Amino acid sequence: MSDQFKETNVHPTKKVNTGLGDSQLKNTPVSILAKRQEPYLQDLNEEQRNAVEETDGPLLVLAGAGTGKTRVLTTRLSHIIQTGQAGPSQVLAVTFTNKAARQMVDRVSRLLGRPADGLWLGTFHSISARILRYNAELVNLKSDFTILDTDDQTRLLKQLLQARNIDDKRWPARTLCTMIQRWKDQGLTASDIKRIEAIDNNEFANGEAPSIFLEYQSRLQILNAADFGDLLTHCINIFKNNPDLLSAYQEKFKYILVDEYQDTNVAQYLWLRLLAATEKQNICCVGDDDQSIYGWRGAEVGNILRFEKDFSGAKVIRLERNYRSTGNILSAASGLIANNSGRLGKTLWTKGDLGSPINITGTWDGEEEARIIGSEIESLEREGNNLDEIAILVRASFQTRAFEERFINIGIPYRVIGGPRFYERQEIRDAIAYIRLLVQPDDDLAFERIINVPKKGIGDASQQIIHQLARAKNISLYSSSQLIVQTDELSSKARYALISFLDNFTRWRSLLKLNTHWELLEMMLDESGYTGIWMSDKSPQAPGRLENLKELVSAIEEFDNFGAFLEHVSLVMDREEGRPSTGSNLINNNDIDKPLQMVNIMTLHSAKGLEFDDVFLPGWEEGLFPHQLALDENGSAGLEEERRLAYVGLTRARKRIQIFFAANRRVYNQWVSAIPSRFVDEIPSENVEAKPIEPQSSNNQNEGILIADGKWQSKINYAKSSESSTFRQNTGNINAEWEEEPVKTRHTGSKYKSGDRVIHRKFGIGIVRQANGEKLEIIFDRVGKKKVIDRFVEAE
DNA sequence: GATTGTCTTTTTTTT
DNA sequence: AAAGACAATC
């Protein structure tokens, strides 16, 4: 068996066998370490301490927000290692984000006083990928399989849809992609097709989804690729079908720790169950049912509610003492979450002060909201508060823009956590496709992405020819191209372009050993003409894209080789550090000596696990928060999840919270009026102080925001806003257009009139609905409404 | 095959 | 408001 199991057992009576990086411990008898009263234990309260020391057997730690959950987890992990119960490589710790994983490694290292090397600590996906690389052949993959992201998946599915002549306007590949992901979240794979067919409600393309799914999986096989969900499901299948291998892993991982257990989905649950199914069941899950906010991704709160059943003899420890927030914040949050049913229930308490009440402010529109928050932040800064300790948490990412614009204007430095991720940008993905094709010529998706980027005259027609041969001979596009250039299939222009494309790659490949990988990347981007595209592009984003490419080249230096880099890229879908900004990208951190303090802007989802002194919660309006789609799609369950999201938001704050809602907001360039979120009313009024609007100079309509005795006067319907309707665009009624009688031809001289049946070369048969000179609007049987010039159709 | 211009759609949350 | 899709034109 491969080196994945090279770490051996650690037994308390033996010397610690360390594995790599354990040098300090190497010669120390474990018994000494075990007896020493570890100082880190003394800082814990009784429950926390129990949670750390109760190392054997299944344990569920129900940890409310701010009760020291991370602390318990890291201390427990260190404790297990420090007392020699297991070596670092014998502990499996699963987190939800790469960021959380990094933090945990840091904290464990600090507690241990040495680097925590060899730990199996990471996200479900990264650990699965690691296991899968060792055992790829068991699911018919090679160990260098590619990990596809959503973009790759969608493009692949789009091709499959096209091959079946399914209109991807009506049945978007994106939707199918989500469906397939949801199935995988349930732990379903191609072999469960019967069950999938049972779940499938035939809504997608007349029930073709399951069979496309099968086709998709076999395509992945051929491409030697796995998508994100496969990482888990493949692992599960490997475990299920190879009992020996499973028990090897079960033996290896003496202790399992799981963070954010409330957010695990069925696949992750099965994965854990398999690994923890030993006699000892040394699994410790930490979670908070009130913070379950990933139901839409298949997370099952049920997992946490069922824990005691799943693992016989499980102990449950509750952490209820909150060390983070003020009394007001805690009771506001408790009051809100009490509106949910089906909770495990716990009562957070604190010895701390009541603190200041929650501020709630209504504004006229989104811009005013941003203005007020901007000036609030300025005064916080004047009072000596640290910008790093301030966060704005929004429901949906489009909300960040108003703040960015405002902050640029008044010069508040900020960072947006999330936003467009570095590796998802077009230019970066293109560059990565070059790398992928370099190291894995058979990577068809990469091939397709860059074969004609930059443009070199290999258009659709030529690509079709390459495709056909590839499919016929069951070879990759790259191999197919190599054959095709030896024939006359292509136009000579395309042929020579393709030859030089292939030659380039052969040459670059021969340089792999002679150059550093970053030099080679630079070379590829220059010689392929890719950099040239953006240099001659005069759009305002072009310079930024070139910057990003430079950043990519320097980022890649951090990795040993292209392979390591690609692995990082596909797994760290984690939102990166965020895009730091002081307004303009051109301002860079010249004064490195004092790190620039920045306000944090992010979504509520990405705020989970973080804490700040001051938290601003804008956009508390019905329809936005709770989000309309959540309500429409999941009814009361959706509402409860939104409420938990609100709870997460409130409990991020240590000292102060300010909630905002706007009467009017621009969504898709349309003004939409809204009433305050029901969540506003659900916060107990004794913890709230409604804040009068600072008089704005302009003609804002603030009369609606009323203050009675310093309390928030709820259910004010100030959104009648006859004003706002004047902003409303006249969008007409799209449906009416279809219902009405065919419009009479208004112009003479049209070759066709409404009602004529015509044939179009591409669209087939249709009926003219409207004729206006030479312009026709035709409803085609196959493709629906199109606008066409008359000489492109013939009478039937 | 590439480029241009017009029309449509988009935004919930993410490993 | 901006990006993508697609028909028309070069």
Side-chain angles (χ1 to χ4, degrees), chain A residues 94-101 122-129 147 149-150 158 168-169 172 174 178 181 184-185 227-232 260 263-265 267-268 292-299 393-401 417-418 421 424 426 452 454-463 490-491 493-494 497 539-541 570-575 602-608 619 623-634 638 641-642 644-645 648-649 665-670 729 731 734 760-763 774-778 783 785-789 791-792:
Chain A
V94 197
T95 61
F96 247 77
T97 62
N98 291 294
K99 191 176 173 191
T123 62
F124 278 102
H125 292 91
S126 64
I127 289 172
S128 295
I147 301 172
D149 63 17
T150 323
K158 204 167 187 175
D168 76 340
K169 265 283 160 58
R174 276 194 55 120
T178 317
Q181 282 185 60
K184 291 183 178 175
D185 287 341
D227 68 22
F228 243 65
D230 284 339
L231 296 177
L232 282 157
E260 311 281 11
D263 286 326
T264 50
N265 59 34
Q268 291 161 335
S292 163
I293 54 176
Y294 284 96
W296 51 274
R297 215 174 63 188
L393 309 182
V394 298
R395 175 63 182 86
S397 45
F398 78 86
Q399 291 172 266
T400 59
R401 213 168 101 190
I417 315 263
R421 306 172 212 186
E424 273 175 15
Q426 185 192 341
N452 205 23
K455 299 244 192 305
K456 46 175 84 66
I458 307 176
D460 272 356
S462 312
Q463 290 186 39
L490 301 180
S491 71
K493 187 183 167 205
S539 70
Q541 302 101 315
S570 39
L571 288 173
V572 182
M573 297 312 282
D574 220 358
R575 309 212 146 187
M602 70 192 90
T603 64
L604 286 159
H605 281 90
S606 38
K608 195 169 71 161
L624 177 57
F625 192 36
H627 200 284
Q628 195 57 46
L629 286 173
L631 301 180
D632 291 347
E633 283 169 21
N634 291 305
E641 181 153 312
E642 294 287 298
R644 290 193 292 268
L645 199 49
V648 168
R665 201 174 282 281
R666 195 164 35 186
V667 185
Y668 304 142
N669 210 25
Q670 269 194 31
Q729 275 188 351
T731 48
I734 291 165
H760 185 282
R761 214 173 127 220
K762 207 160 151 198
F763 301 143
E774 58 177 4
K775 289 182 190 161
L776 306 176
E777 191 169 293
I778 303 175
V783 291
K785 186 171 80 173
K786 297 278 179 202
K787 286 181 179 154
V788 180
I789 297 289
R791 66 192 160 82
F792 285 88

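Note that the structure is a prediction, hence the values are computed from the model and not measured. These numbers come from the heavy atoms of this one structure, side chains and all, not from hydrogens, waters or symmetry mates.
Contact annotation: A:Lys493 side-chain N/O to B:dA2 OP1/OP2 distance is not under 4.0 Å. Residue A:Thr97 places no side-chain N or O under 4.0 Å from the OP1 or OP2 atom of B:dT14. For the OP1/OP2 pair of B:dT13 and a distance below 4.0 Å, the side-chain nitrogens and oxygens of A:Ser397 include at least one atom meeting the criterion.
For the 3.5 Å distance criterion, the side chains of A:Ser606 and A:Thr603 qualify, holding a donor opposite an acceptor.
Summarising the geometry, the separation between CD1 on A:Ile293 and P on B:dT14 is reported as 9 Å, rounded to the nearest angstrom. The CG-C1' distance, from A:Leu393 to B:dT13, rounds to 13 Å in whole Å. Atom NE2 in A:His605 sits roughly 8 Å away from atom C1' in B:dT12 (whole-Å rounding).
Aromatic ring pairs are classed by plane angle as parallel below 30°, tilted from 30° to 60° and perpendicular above 60°; the pair A:Trp296 and A:His605 is perpendicular.
Looking at which nucleotide of DNA chain C each of A:Arg666 and A:Gln426 is closest to, the 5′-most match is held by A:Arg666. Residue order along DNA chain B, read from the 5' end via each residue's closest nucleotide, puts A:Lys455 first among A:Phe124 and A:Lys455. The residue among A:Arg297 and A:Ala461 whose nearest nucleotide of DNA chain B is located toward the 5' end is A:Ala461.
With B:dT13, B:dT11, B:dT15 as the candidates, the nucleotide lying closest to the side chain of A:Phe398 is B:dT11. Residue A:Thr123 has its side chain nearest to B:dT15 when only B:dT13, B:dT15, B:dG1 are considered. Residue A:Phe228 places its side chain closer to B:dT15 than to any other of B:dT14, B:dT12, B:dT15.
Note on A:Tyr294: only backbone sugar-phosphate atoms sit closer than 4.0 angstrom, heavy atoms only; bases stay farther off. Residue contacts shown for A:Ala494 are absent, as no nucleic acid heavy atom lies under 4.0 Å away. When heavy atoms are screened at a 4.0 angstrom cut-off, A:Gln181 is found touching base atoms of the nucleic acid. Among the protein residues, A:Glu633 comes within range of the nucleic acid bases, having at least one heavy atom under 4.0 Å from a base atom. Within the nucleic acid shown, A:Asn452 comes within 4.0 Å of sugar-phosphate atoms alone, with no base atom in reach, counting heavy atoms only.
In terms of heavy-atom proximity, A:Gln268 sits nearest to A:Phe124 at NE2-CD1, 3.5 Å.
Each of A:Asp230, A:Asp227, A:Leu231 was evaluated against A:Ile147; a single residue qualifies, A:Leu231, per the side-chain contact (heavy atoms from CB on, under 4.5 Å) test.
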- Message: Run A:Gln181 and A:Asp185 through side-chain hydrogen bond (donor to acceptor under 3.5 Å, both in side chains) and show every step you take.
- Response: CA-CA 6 Å; A:Gln181 282 185 60; A:Asp185 287 341; over 6 Å; no
